Amino acid sequence: MSLEFRSECDDIEEAKSPSNTSDASVYKIIHGYLKQKNNSIIKVAANVARKAASNKLSRKTSDVFDTLLQKQQSKWGNKAGPLLSGICYCIASCSMILLNKVVLSSYNFDAGISLMLYQNLISVLILLILELFRVISTEELTWKLIKVWIPVNLVFIGMLLTGMYSLKYINVAMVTILKNMTNIITAIGEIYIFRKGQNKKVWAALFLMIVSAVCGGITDLSFHLVGYTWQILNCFLTAGYSLTLRRLMDTAKQSTKSGSLNEVSMVLLNNALSIPFALILVIAFNEWEYVYQAEVIREPMFWVVATASGLLGLAISFSSVWFLHQTGPTTYSLVGSLNKVPISVAGILLFNVPVSVENFCSIVFGLFAGIFFAKAKMS
């Protein structure tokens, strides 16, 4: 075999490699023509062209199937994300309210500040562990940021405490209905603080909420004045928390080193800053002595429930942020209103709450008023 013929064979083999696919067809035509001298070069070229077209069609078909598969997977992912985050948020929210009710009422634990302190300690401990293992990242707590955040934190503490004390005296169903009053106070606050008006549907929904709250209170067989007082204070503080947070958000971001403040950092700020204030309140109201002498703290099951409520408090923070990111404020608001339905039903069934027909109707009316309010905010 001559040196020239070997060189030609090497060139043909090199053309078969993936790096020279553009020249492969040319070499195939020449090689085929040399082997089949009785056939014209046009026939050989036509065969090669047909094979190339077939390969191209196969690649296009494969690309189409890959694209369809990617779209289907993306579609499944888009559906699974909001659904899963919404389920987690609803479970955490319902369980948190019911467990707090168990701790404060069923175990007759009369130390709401101490319970809040314990829940905050659990939340801070878990967040620090997650940050240690680089699962989450938070902003550095500087004095400049703390000074800005203290007003928000004080309202946050008041919101938690009043919510706990109201649960001790009022049944869960009525608590959820009276919480609708928060929307009314928030809407009025938005007008005076942010100059934000509301449409007629929103005001109609707010009026229905007032009617349902009044009717619910009148027909409540387990009416407790102290509990209702705590809940009304809770409504003002909850509305104040959202309005204060919205107003100081930009100032807080400017006080950080990075110029931003993520939701995890807000959760850590609220829970960490609550601890010293809670300790002061525990000492001021002499709760530490009550907790030390209480027989219930010697029951292991009590600590299991109290710890679970602390974990759920943190779960609500994360699941609400996750759900809000997956959907949006409007869907989040609507699901929050719908979430009151299973909480109310579970509260009545689990705690054997005496309910008259009139009170039950007012509860149902109030739940639908909350749903109507969420839909009105969307429009």
Side-chain angles (χ1 to χ4, degrees), residues 81-107 109 112 115-116 118-119 122-123 126 159-183 209 212-213 216 222 227 230-231 234-235 238 241-242 267 301-302 304-327 329 331-353 355 359-360 362-371 373-374:
L83 179 63
L84 184 60
S85 60
I87 291 172
C88 290
Y89 167 68
C90 291
I91 292 174
S93 179
C94 292
S95 302
M96 178 67 173
I97 293 176
L98 295 174
L99 278 179
N100 277 343
K101 180 68 175 177
V102 170
V103 173
L104 295 168
S105 295
S106 298
Y107 283 98
F109 187 67
L115 178 61
M116 182 195 72
Y118 183 65
Q119 291 174 346
I122 292 174
S123 298
I126 293 174
M159 179 183 72
L160 292 180
L161 289 177
T162 53
M164 286 185 181
Y165 282 119
S166 65
L167 273 172
K168 181 173 177 60
Y169 299 103
I170 311 177
N171 65 75
V172 175
M174 282 309 304
V175 166
T176 57
I177 299 306
L178 292 172
K179 275 183 177 293
N180 283 335
M181 301 294 292
T182 303
N183 297 323
M209 289 179 183
S212 66
S222 57
W230 280 119
Q231 185 54 50
N234 178 257
C235 292
T238 304
Y241 174 70
S242 62
V267 174
M301 199 60 200
F302 168 79
V304 171
V305 176
T307 304
S309 68
L311 293 173
L312 285 170
L314 188 61
I316 289 174
S317 300
F318 281 111
S319 61
S320 60
V321 170
W322 180 26
F323 185 46
L324 190 60
H325 177 72
Q326 288 287 333
T327 55
T331 306
Y332 177 81
S333 178
L334 181 59
V335 172
S337 298
L338 290 169
N339 196 31
K340 293 177 181 178
V341 177
I343 293 175
S344 300
V345 174
I348 292 172
L349 296 177
L350 292 176
F351 299 101
N352 297 320
V353 178
V355 180
N359 186 243
F360 181 76
S362 65
I363 291 171
V364 173
F365 183 72
L367 293 172
F368 280 101
I371 297 170
F373 171 79

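Please read all numbers here as calculations on a predicted model, not as lab measurements. Here, residue 1 is the first one in the sequence, and each next residue gets the next number.
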Whether the side chain of S319 engages the backbone of I316 through a donor-acceptor N/O pair (distance < 3.5 Å, no angle test) should be reported. yes
With sequence neighbours excluded, residues passing side-chain hydrogen bond (donor to acceptor under 3.5 Å, both in side chains) with S242: none
Excluding sequence neighbours, so at least two apart, what forms side chain to side chain contact (heavy atoms under 4.5 Å, CB included) with T162? W230, L233, N234, L237
Near F360 CZ, under 6.0 Å, is it more than 12 heavy atoms from other residues, nucleotides or ligands? no
Using side-chain hydrogen bond (donor to acceptor under 3.5 Å, both in side chains) as the criterion, list what pairs up with Y241, not counting sequence neighbours. N270
Qualifying residues under side chain to side chain contact (heavy atoms under 4.5 Å, CB included), relative to T307, sequence neighbours excluded: Y118, I122, L311
Apply side-chain hydrogen bond (donor to acceptor under 3.5 Å, both in side chains) to S166 and list each qualifying residue two or more places apart in sequence or on a separate chain. Q231
Roughly how far apart are I363 CD1 and T176 OG1, rounded to 0.5 Å? 7.0 Å
Residues that S95 engages under side-chain hydrogen bond (donor to acceptor under 3.5 Å, both in side chains), provided they are two or more places apart: none
Who are the side chain to side chain contact (heavy atoms under 4.5 Å, CB included) partners of F365, not counting sequence neighbours? L208, V211, S212
Passes side chain to side chain contact (heavy atoms under 4.5 Å, CB included), V103 versus M164? Steps please. CA-CA 10 Å; V103 173; M164 286 185 181; over 6 Å; no
Residue set satisfying side chain to side chain contact (heavy atoms under 4.5 Å, CB included) with S309, at least two apart, ordered chain then number -> M96, L99, N100, L115, Q119
